[in-house]
2 protein chains.
Amino acid sequence: MRNSTMKSTRKTESQLVQDPVRLVESYPKVPLTVDCAVFGFQENELKVLLIRSDLALYDGLWSLLGDNVQDNEELDDAANRILKERTGMDDVYLDQVRSFSHPARHPGGRVITVAYCSLINIQHHQLKRIDNELHWHNVQSLTQMAFDHFEILTHCHKWLQKRIQEHPLGFNLLPDKFSLRELQNLYEAILNLQMDRRNFRKKFASMGLLIDVNEIENDVPHRPGKLYKFNFDKYEKNKRKWIGIDF
Amino acid sequence: MRNSTMKSTRKTESQLVQDPVRLVESYPKVPLTVDCAVFGFQENELKVLLIRSDLALYDGLWSLLGDNVQDNEELDDAANRILKERTGMDDVYLDQVRSFSHPARHPGGRVITVAYCSLINIQHHQLKRIDNELHWHNVQSLTQMAFDHFEILTHCHKWLQKRIQEHPLGFNLLPDKFSLRELQNLYEAILNLQMDRRNFRKKFASMGLLIDVNEIENDVPHRPGKLYKFNFDKYEKNKRKWIGIDF
DNA sequence: ACTTTATTATGTATTTTTTACACAATAAAA
DNA sequence: TTTTATTGTGTAAAAAATACATAATAAAGT
């Protein structure tokens, strides 16, 4: 069967698959879903957007926003579609985290899921109609969820904690204009630690990613802080450089 | 249809799915594969273990080691199985990298793949029988592969470059006993840069992960270096601390 | 108008980490 | 014995991270 000149490992024509379509038809197939951990920031807490499980088995429990991957749909497209269908939002930050494949993770049988992390601005989001089975939950206070979603959420949260120390992703969770205090509160909520205010400001100032918009907060019962916006252009241009920043 | 007390979003019994098995049976299904980028280190070069594509369309091109995910098989198990089947190796370092889902990535139709990164010791590996259609390739000199495997490999290489700066993974690619020069050559090959010898050694010494085995290299035509082995126990115990080391 | 209150804005000294850099000792090969 | 290539080692300088306190400001209350 094998070519007689052992030096060459090149296959003979008869060993090659001529019809890849038939080959793929013979492959085992599995149901595949995408589950999104949609994070938001409100009242100085990191929130995650959840929906009530529609399985009787998980009655009363919450689950991540998910759906099947459709025929010929890319995973990223599926994640974007889910976000759009559930929240009405387009153009949100989304990144693939990892897949979860434990055979018993779904009570209905073998379903593999690809977890995504999404960051959205809650204020902006609430202008759109929100499905009334959706609810924002404090990430820290969740303990139980439907399926293996608590495990997935925990993983996504850790992923975000690491990621936000390497890229300035936090801006996706804030309004267009924000004060340095809001920015710091966000980092503290995500990382679950306290930071020194002067050093935090120094760090961000040195990155040069903040644009002073010459406005100040209102609605605060004390001296208002300056407002800034994020320099997305500069970030996109120098993306590679920001890898490795941390606090 | 909706519960009349709008306050409660809890679903009524009739809205809940009672039979999850039937639900999952209705899901669309896709062929799912695992592809492994198996890295090795030899002659001061980062290598990747590839197999000739068995598709006529890709005749002469190389592909990553991959296979279908079987019914009720976990992704990690599929990756381990592939490694075992192809190389005879058990207990190798394996980590999930990410999924690739472009609808046209496979000429036979829609196939989603989950990429894994594996690190193995080539010397050790060669003691086992190696499938003679497998071949070690210099990662830097590859330009084209079957399917989207070049893209996947590039992604895995970048993943490894980042990962190795946060965890001392390099030891998986080296023999049990190695010299500091070998270790540095490895890092230089993976990261594709030159490092200062004294600072490199200082860094590793300060991590305390090297055990001096009181032996020296042989086979070198000059002053031999001391040999060390990796302190796996200490690493496992203090794993969390090593996150964040970089050169 | 004044006082109180909460918070902003800001700089420096200290410590830690990173970087740059050179020479004597050693083993093998000639 | 000499040559060769490489090992093993330390220190000074630069950069980054950390710790820390006070005056200025706007709003709210009196």
Side-chain angles (χ1 to χ4, degrees), chain A residues 43-44 161-162 164-168 174-175 177-189 191-229 238 241-247, chain B residues 43-44 162 164-168 174-175 177-189 191 193-229 238 241-247:
Chain A
E43 293 157 359
N44 288 345
Q161 289 182 324
K162 185 161 169 11
I164 206 174
Q165 297 187 59
E166 299 169 336
H167 298 268
L174 292 173
K177 298 171 184 179
F178 52 86
S179 68
L180 284 170
R181 178 177 35 76
E182 289 175 295
L183 185 61
Q184 182 172 347
N185 286 343
L186 169 63
Y187 275 79
E188 292 182 341
L191 297 173
N192 200 26
L193 51 77
Q194 299 277 105
M195 295 175 182
D196 179 87
R197 205 157 56 90
R198 277 170 291 187
N199 294 337
F200 182 86
R201 295 160 97 93
K202 212 187 306 174
K203 188 82 176 186
F204 265 93
S206 78
M207 285 195 272
L209 290 176
L210 296 179
I211 299 170
D212 184 340
V213 293
N214 282 311
E215 290 177 55
I216 56 172
E217 295 179 287
N218 44 10
D219 313 341
V220 287
H222 54 75
R223 177 178 174 181
K226 285 169 134 183
L227 294 179
Y228 297 86
K229 64 180 183 182
N238 303 9
K241 277 175 53 184
W242 311 123
I243 299 176
I245 62 163
D246 63 344
F247 300 105
Chain B
E43 293 157 359
N44 289 345
K162 184 160 168 18
I164 205 173
Q165 296 187 60
E166 298 169 336
H167 298 267
L174 292 173
K177 299 171 185 177
F178 51 86
S179 68
L180 284 170
R181 177 178 34 79
E182 288 175 295
L183 185 61
Q184 181 171 348
N185 287 342
L186 169 64
Y187 275 78
E188 292 181 342
L191 297 173
L193 49 76
Q194 299 278 105
M195 296 175 181
D196 179 87
R197 204 159 53 92
R198 274 171 293 188
N199 293 337
F200 181 87
R201 294 160 98 92
K202 212 187 306 172
K203 188 83 176 185
F204 265 92
S206 78
M207 284 194 273
L209 290 176
L210 296 180
I211 299 170
D212 184 340
V213 294
N214 282 311
E215 289 176 58
I216 55 171
E217 294 179 288
N218 44 13
D219 312 341
V220 287
H222 53 74
R223 176 178 175 182
K226 285 168 134 184
L227 295 178
Y228 297 85
K229 64 180 184 182
N238 303 10
K241 278 174 52 184
W242 311 123
I243 299 175
I245 62 164
D246 63 344
F247 299 105

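Naming convention: chains lettered A, B, ... in sequence-line order (proteins, then strands); numbering from 1 in each chain.
For A:D196 and C:dT10, the CG to P distance is 15 Å, given to the nearest whole Å. Summarising the geometry, the separation between CD on A:Q184 and C1' on C:dT8 is reported as 12 Å, rounded to the nearest angstrom. When rounded to the nearest whole Å, the span between NE2 of A:H222 and C1' of D:dT25 equals 12 Å. If you take CG of B:L183 and P of D:dT7, they are 13 Å apart, rounded to a whole angstrom. The distance between atom NZ of B:K226 and atom P of C:dA27, rounded to the nearest whole Å, is 12 Å. When the P atom of D:dT6 is taken as reference, atom CD of B:E182 falls 13 Å away, rounded to whole Å. D:dT25 atom P lies 19 Å from atom CG of A:N218, rounded to whole Å. Here the C1' atom of nucleotide D:dT6 and the CG atom of B:N44 are 14 Å apart, to the nearest Å.
Side-chain contact between A:L209 and A:Y228: absent, with no pair of heavy atoms (C-beta onward) separated by less than 4.5 Å.
Note that CG of A:L180 is 8.5 Å distant from CZ of A:F204, once rounded to the nearest 0.5 Å. Summarising the geometry, atom CG belonging to B:N218 is positioned 9.0 Å from atom CD belonging to B:E215; distances are rounded to the nearest 0.5 Å.
Closest to the B:K203 side chain, of the nucleotides C:dT18, D:dT9, C:dC21, is C:dT18. The nucleotide whose nearest atom lies closest to any side-chain atom of B:P224 is, among C:dA27, C:dT7, D:dT9, C:dA27. Nearest to the side-chain atoms of A:R198 among the listed nucleotides D:dA24, D:dT9, C:dT10 stands C:dT10. Closest to the side chain of B:N199, out of D:dG10, D:dT7, C:dT10, is D:dG10. Out of D:dT6, C:dT8, C:dA29, the shortest distance to the side chain of A:R197 is found at C:dT8.
Applying the 4.0 Å criterion to OP1 and OP2 of C:dT8, one finds that A:R181 has a side-chain N or O inside that range.
Scanning atom types as modelled, no donor and acceptor separated by under 3.5 angstrom connect the side chain of A:R223 and the base of C:dT7.
Residue contacts shown for B:K202 include a base, since a base heavy atom lies under 4.0 Å away.
A salt bridge (Lys or Arg N to Asp or Glu O under 4.0 Å) with B:E217 is found for exactly one of B:K226, B:R181, B:R223, B:K177, namely B:R181.
Remark: side-chain polar atoms of B:E182 are paired, donor with acceptor, to backbone N or O of B:S179 under 3.5 angstrom.
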